[in-house]
Amino acid sequence: MKFDVAELVEAKRQIDSTLHKLRQTVKTFEAKENADRYKSQITLAKRRIQAFEISVALIEREINTLSKS
């Protein structure tokens, strides 16, 4: 699939927003009194953060490639 720079920039913006919310979610769960009770939710959120960080890196690489063309 081919995407233009504007589409990639918007996708990155949306992912950055989701990353912010996920990081806040992790902080909230870890701050709870019984954080062990939320271990699976914390693990899931951290895995999603990692996946989205990879996505952002790939989008940034594609934006840079398209910008040089």
Side-chain angles (χ1 to χ4, degrees):
M1 291 181 104
K2 293 283 184 176
F3 301 101
D4 64 31
V5 174
E7 291 172 315
L8 293 170
V9 168
E10 178 59 21
K12 182 185 175 304
R13 190 179 76 74
Q14 293 298 323
I15 292 171
D16 286 339
S17 173
T18 302
L19 272 169
H20 174 75
K21 291 173 187 173
L22 280 169
R23 288 183 179 118
Q24 293 300 327
T25 298
V26 169
K27 285 182 187 177
T28 300
F29 280 133
E30 289 178 336
K32 292 206 178 265
E33 193 171 311
N34 295 326
D36 287 345
R37 182 176 177 191
Y38 302 98
K39 188 175 180 179
S40 62
Q41 289 92 335
I42 293 168
T43 300
L44 178 62
K46 286 182 176 180
R47 287 180 180 163
R48 286 180 176 167
I49 288 168
Q50 184 178 19
F52 280 126
E53 287 173 342
I54 291 168
S55 298
V56 167
L58 294 172
I59 289 170
E60 288 173 343
R61 185 167 68 187
E62 185 68 14
I63 290 170
N64 289 334
T65 301
L66 290 174
S67 296
K68 291 177 183 176
S69 302

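The structure places CG of Asp36 at 8.0 Å from CD1 of Ile42, a figure rounded to the nearest 0.5 Å. In this structure, NZ in Lys39 is found 15.0 Å from CZ in Phe29, a value given to the nearest 0.5 Å. For the atom pair Leu22 CG and Glu53 CD, the distance stands at 10.0 Å (nearest 0.5 Å). Taking CD from Gln14 and CZ from Phe52, the interatomic distance works out to 10.5 Å, rounded to the nearest 0.5 Å. Rounding to the nearest 0.5 angstrom, the gap separating the CD atom in Gln24 from the CG atom in Leu19 is 11.5 Å.
Both Leu66 and Val9 are part of a single hydrophobic cluster, where members link through side-chain heavy atoms under 4.5 Å apart. Ile54 and Met1 are not part of a single hydrophobic cluster, where members link through side-chain heavy atoms under 4.5 Å apart. Linking Ile, Leu, Val, Met, Phe, Trp and Tyr whenever their side-chain heavy atoms come within less than 4.5 Å puts Val5 and Phe3 in one cluster.
A donor-acceptor contact shorter than 3.5 Å links the side chain of Glu7 to the backbone of Asp4.
Counting non-hydrogen atoms of neighbouring residues, nucleotides and ligands closer than 6.0 angstrom, the CZ atom of Arg47 reaches no more than 12 such neighbours.
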Review point. Do Lys46 and Gln50 pass the side-chain contact (heavy atoms from CB on, under 4.5 Å) test, and can you show the C-alpha distance, the side-chain angles, and the key distance before you say yes or no?
Key: CA-CA 6 Å; Lys46 286 182 176 180; Gln50 184 178 19; over 6 Å; no

Exercise for review: Would you please test Arg13 and Glu10 for side-chain contact (heavy atoms from CB on, under 4.5 Å) and show each step?
Suggested key: CA-CA 5 Å; Arg13 190 179 76 74; Glu10 178 59 21; 3.0 Å; yes

Practice item. Evaluate the criterion side-chain contact (heavy atoms from CB on, under 4.5 Å) for residue pair Lys12 and Leu8; output intermediate values, then yes/no. Key: CA-CA 6 Å; Lys12 182 185 175 304; Leu8 293 170; over 6 Å; no

Enumerate donor-acceptor pairs with a distance under 3.5 Å from any side-chain N or O in residues 55-65 to protein atoms, sequence neighbours excluded.
from, atom 1, to, atom 2, distance (Å)
Ser55, OG, Ala51, O, 3.1
Asn64, ND2, Glu60, O, 3.3
Thr65, OG1, Arg61, O, 2.9

